[in-house]
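Structure, as structure tokens:
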Number of protein chains: 2
Amino acid sequence: MTDSTRPRARRSPTPDELRAWRGFIETAQTLNARLTSRLQKESGLTSADYTVLLALSEADGRRLRSSELADAVDWERSRLSHHLRRMENRDLVRRVECADDFRGAEVELTDHGARSFRAASVPHLRAVRELFVDALTPEQLDQVEALTAALRSRLDTAPDRAAG
Amino acid sequence: MTDSTRPRARRSPTPDELRAWRGFIETAQTLNARLTSRLQKESGLTSADYTVLLALSEADGRRLRSSELADAVDWERSRLSHHLRRMENRDLVRRVECADDFRGAEVELTDHGARSFRAASVPHLRAVRELFVDALTPEQLDQVEALTAALRSRLDTAPDRAAG
DNA sequence: GGAGCATGATTGACGCGTCAATCACTTCGG
DNA sequence: CCGAAGTGATTGACGCGTCAATCATGCTCC
């Protein structure tokens, strides 16, 4: 216990803690990669596409201001802009001029985009069930919520560049 | 309960389940982004750099065959190859011809690479403690291990393109 | 021992995401 | 009004990761 004289937060994680950390982050990444790959194969959409289409299909009139969309999906502006250009080229979305503020643009789901999203949705959600939900007990699912709540609250507290 | 007539795995997740899923994957991504950004700012290394340097500094003689390194970090060959080129340009690693098999290459930590890794390591591990370990109770850390074990075993079982 | 296949690794093309710079339009102060 | 500051959104450059193609060397079997 030579570490016990140092403040806890300044020590490196113990091997056990590090194992938990690595397990957590690697599992999340693998899971994400697997879901993404299935989504792509089954429906030709990336998970970025899916995120955008989901946000748009939930919006009133299937359209959103660019900035609202950026907030909804929590992306940087320029990332959204680049991605919308690519999605527009594939006829998944359409940009239309905004009537009340000519700086702004509105983004609209095309019919093809709406259809693609609907077609992707069912197999995607099924995959989430297979690879995540069904792998865990109901108690574990509750634990997940508690864990992520705790982590999120820590993330919200710590102001990006380290804490005091 | 109209769903109760359908096999469980074919249903979409319930709203609760979906919330747990979204919480899990988004938290993991945010956490990862935060750690990556701190690592980058504090030491000029990406997490990809860090991963490679960690694997190499744990290897005998600070060197590994390219393919062994690829296995160690679980990357595609070509990704590793691209990344090593970039790291070589920054004098973090060096490629040397392999004596016993002239197809192969060995990758070696440079002194500068070793120093960069050591310098990055302490603040990085401290950040892991701050943002992950210290956000959770010891019980929760145990839960994380059990959860990820369950998820991993599911991932290993399901043969990438869906399960029966 | 040479043809054909296997293996280790690299390359090129391309879509992606970040950062900094920029463009276009609006608003505010005078 | 006009100019300056503010705001919504796009662009360009660049590093990254994937996929398919390729290169170079080693291996096998007749």
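Since we're looking at a predicted model, the values are computed, not measured. A, B, ... follow the sequence lines: proteins, then strands. Residue 1 opens every chain.
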Mind calculating the distance between CZ (A:Arg79) and C1' (D:dA9) to the nearest angstrom? 17 Å
Phosphate contact (C:dC19 OP1 or OP2) by A:Arg77 side-chain N/O below 4.0 Å: no
Could you give the CG-to-P distance, from A:Leu84 to C:dG15, as a whole number of Å? 16 Å
Between A:Leu92 and A:Leu45, does the side chain to side chain contact (heavy atoms under 4.5 Å, CB included) criterion hold? Intermediate values first, please. CA-CA 10 Å; A:Leu92 293 168; A:Leu45 297 178; 4.2 Å; yes
Quick one: do B:Arg65 and B:Glu106 satisfy salt bridge (Lys or Arg N to Asp or Glu O under 4.0 Å)? Show the steps, please. CA-CA 4 Å; B:Arg65 290 286 294 264; B:Glu106 292 203 310; 5.5 Å; no
Base, sugar-phosphate, or nothing: which does A:Arg86 touch, judged by heavy atoms less than 4.0 Å apart? base
Indicate, with a heavy-atom threshold strictly under 4.0 Å, whether A:Arg90 touches base, sugar-phosphate, or nothing. nothing
What integer distance in Å separates A:Arg65:CZ from D:dT10:P? 11 Å
Integer-rounded Å distance: D:dC19 P and B:Trp75 CH2: 16 Å
A:His82 side-chain proximity, nearest of C:dT18, D:dC16, C:dA9: C:dT18
Rounded distance in Å - CG (B:Asp71) to C1' (C:dG8): 12 Å
B:Ser78 side-chain proximity, nearest of D:dA20, C:dA9, C:dT18: D:dA20
Are A:Asp49 and A:Arg90 close enough for a salt bridge, meaning some N to O gap below 4.0 Å? yes
What contact category does A:His83 fall into here, base, sugar-phosphate, or nothing, at under 4.0 angstrom with non-hydrogen atoms? sugar-phosphate
Scan residues 99-109 of chain B against DNA chain D and write down, sorted by residue number, each residue with any heavy atom closer than 4.0 Å; if none is found, say none. B:Asp101, B:Phe102, B:Arg103
If you compare all heavy atoms of B:Gly113 against all heavy atoms of B:Thr110, which two are closest, and at what distance to 0.1 Å? N-OG1, 2.9 Å
The residue, B:Cys98 or A:Ala48, whose nearest nucleotide of DNA chain C is more 5′ is B:Cys98
Spacing between B:Arg95 atom CZ and C:dT11 atom C1', to the nearest angstrom: 11 Å
Spacing between A:Leu80 atom CG and C:dC19 atom P, to the nearest angstrom: 16 Å
With sugar-phosphate meaning primed atoms plus P, OP1 and OP2, does A:Ser81 contact a base, only sugar-phosphate, or nothing at under 4.0 Å between heavy atoms? base
Just by modelled atom types, is the A:Phe24 backbone N or O under 3.5 Å from a matching donor or acceptor in the A:Thr27 side chain? no
Tell me whether A:Arg95 is salt-bridged to A:Glu88, with the criterion being a basic N under 4.0 Å from an acidic carboxylate O. yes
With respect to the side chain of A:Glu76, which nucleotide from C:dG12, C:dT18, C:dA9 is positioned closest? C:dT18
Within the structure provided, determine whether A:Val107 and A:Leu64 are in side-chain contact (heavy-atom separation under 4.5 Å). no
Any chance you could measure A:Met87, atom CE, to A:Leu56, atom CG, to the nearest 0.5 Å? 7.0 Å
Which is true for B:Ser67 with a 4.0 Å heavy-atom rule: it touches a base, it touches only sugar-phosphate, or it touches nothing? sugar-phosphate
Rounding to a whole Å, what distance do you find between A:Lys41:NZ and D:dC19:C1'? 13 Å
